[in-house]
Amino acid sequence: MKSDSNQSANTVVDWAKIALEKHFQTTIQYEEDVLSDRDPEALHQMRVGMRRLRSVAKGFAPALDLPKAARQSQIGQISRSLGSLRDLDVLLETLETDYQDTLPDGEQEEFKRALTLLKFERNQAFDAVRETLNSEIYLSFKNSLADWLNSPRFGQMALLPIQHILPDLLLPAVSELFLHPGWLLGIKTKKGKVKSDNLTETEVQELFAHQGETLHDLRKQVKRVRYQMSLFTKFYGEAYSEYVEDLKEIQEVLGKMQDSVVLAETLSRVLGSALPETLPTLAEKLLENRYLSWLEWQPLHQQYLKPQIRDHLRLELLYPIPSSKSKKAGGKKKKS
């Protein structure tokens, strides 16, 4: 994002265009490297670019008239194809880097068989990505968004100063996040007060068996809000930026828990039997790591269940400040 365009940007459509162009350019610059399958990092960056594009398209949707081929549903379709390949890359790297050398000799043969099967799936996922990036859907997405960036179409709301409607853009997403049922997993409520239930490793395992998808969905909502809020740090103070950093930390710790679940489920699927039967050492290590991540999650979980923290974040969103004063305003949020 160029600093000179930032300085002159004032309206909703100005900022929407800046964000869309930034993430669009990020996405397409990695296209050739992804198609050549040279660098896993290129795939990661392209996937992130698509996700952020989708977040911008959703966040600014009330003010913009994006072409159908560049709306969030179409962006999501392309992003899912990239995501399937990226998830397999991460899974294979994690298995080979973090677990392969920790397993006893008796489990190495099954482990190598799993790697072989997963690499075959990875080849199939790459073929799907190549097909997607050569498809009419992707070509139409690129052309239509490029056309829109050259000649944006929008409603009257988009001509308002961005600061006038920032609270209305951000508060609905934050409210949706705070209402997510994932916050209520692993807690007790008594006389209207909330406290951690101090679950054991076995209880955490049981929770994930029945409600793991809810925590995974919470992570996705955290990520969406983080992406949206990160667009507007220029208009808020230090406390706002700290909330964005907290969301990143929450996303990461929930991601570590989800990764252990996906690893176990994927290995069980490709090997054709429950992981404790085929790779018991690895199964135990995944459970241990999931529980350590659960313990890491607890302080953040408790923090964002506090009414005063939620109130403080809402108040931050209500009062954007001029960018020239952003370094002086705000201050650290209270963590009482």
Side-chain angles (χ1 to χ4, degrees), residues 1 6-7 9-20 22-23 51-64 72 154-184 194 217-254 299-336:
M1 196 183 296
N6 275 4
Q7 292 298 325
N10 178 52
T11 65
V12 175
V13 72
D14 288 338
W15 280 90
K17 185 179 176 183
I18 287 171
L20 286 169
K22 174 185 177 182
H23 300 310
R51 283 179 162 178
R52 288 183 178 267
L53 266 178
R54 188 181 186 188
S55 177
V56 174
K58 181 178 181 181
F60 285 99
L64 303 183
Q72 45 183 311
F154 45 84
Q156 285 295 107
M157 185 187 300
L159 298 176
L160 294 173
I162 183 69
Q163 289 162 287
H164 290 188
I165 69 165
L166 265 182
D168 299 313
L169 287 175
L170 295 172
L171 280 167
V174 171
S175 295
E176 186 179 354
L177 172 61
F178 285 161
L179 289 170
H180 196 284
W183 294 105
L184 303 179
V194 174
D217 192 69
L218 174 62
R219 175 179 177 257
K220 291 192 289 186
Q221 182 64 21
V222 168
K223 179 167 56 182
R224 285 192 288 267
V225 173
R226 175 198 158 205
Y227 283 173
Q228 193 168 349
M229 286 181 61
S230 66
L231 295 172
F232 305 115
T233 53
K234 178 185 179 71
F235 294 99
Y236 290 94
E238 183 181 353
Y240 179 95
S241 296
E242 288 184 352
Y243 282 117
V244 174
E245 286 301 309
D246 282 354
L247 291 175
K248 181 180 180 181
E249 189 176 353
I250 291 170
Q251 177 189 331
E252 289 174 349
V253 70
L254 291 176
L300 288 162
H301 188 192
Q302 288 297 304
Q303 184 72 11
Y304 278 85
L305 284 172
K306 293 178 180 179
Q308 61 268 38
I309 294 298
R310 294 185 171 203
D311 286 347
H312 191 272
L313 174 52
R314 294 187 193 101
L315 286 171
E316 282 291 315
L317 301 182
L318 282 174
Y319 302 107
I321 56 179
S323 58
S324 61
K325 299 178 182 178
S326 62
K327 297 299 182 182
K328 300 178 183 178
K332 294 185 180 295
K333 63 181 183 291
K334 294 180 181 179
K335 291 197 173 185
S336 57

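Keep in mind that the numbers below use all heavy atoms, side chains included, and drop hydrogens, waters and symmetry copies.
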[X] [atom1] to [Y] [atom2] distance, which is reported to the nearest 0.5 Å:
X	Y	atom1	atom2	result
R314	L170	CZ	CG	13.5 Å
L318	L171	CG	CG	5.5 Å
I309	H312	CD1	NE2	7.5 Å
K223	R51	NZ	CZ	3.0 Å
I250	L300	CD1	CG	5.0 Å
K234	I18	NZ	CD1	8.5 Å

Would you say [X] and [Y] make side-chain contact, with heavy atoms under 4.5 Å?
X	Y	answer
I321	Q163	no
I162	D14	no
E245	E249	no
L166	V12	no
F178	L313	yes
W183	L177	yes
M229	L317	yes
Y319	Y240	no

Indicate the atoms forming the closest heavy-atom contact of [X] with [Y], along with that distance.
X	Y	answer
Q251	R219	O-NE, 3.2 Å
A173	Q228	CB-OE1, 3.7 Å
L64	A16	CD1-CB, 3.6 Å
T11	L159	CG2-O, 3.5 Å
Y236	P320	OH-CG, 3.4 Å
H180	G182	ND1-N, 2.9 Å

Verify, without hydrogens or angle tests, whether R224 (side chain) and S55 (backbone) share a donor-acceptor contact under 3.5 angstrom.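 Not confirmed, R224 side chain does not pair with S55 backbone.
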
Quick one: do V13 and F60 satisfy side-chain contact (heavy atoms from CB on, under 4.5 Å)? Show the steps, please. CA-CA 8 Å; V13 72; F60 285 99; over 6 Å; no

Report the C-alpha separation of S230 and K248 in whole Å, then their side-chain angles, then the decisive distance to 0.1 Å, and conclude whether the side-chain contact (heavy atoms from CB on, under 4.5 Å) test is met. CA-CA 10 Å; S230 66; K248 181 180 180 181; over 6 Å; no

Aromatic contact between Y243 and F232, with the criterion being ring centroids under 6.0 Å apart: yes or no?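 No: the rings miss the under 6.0 Å criterion.
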
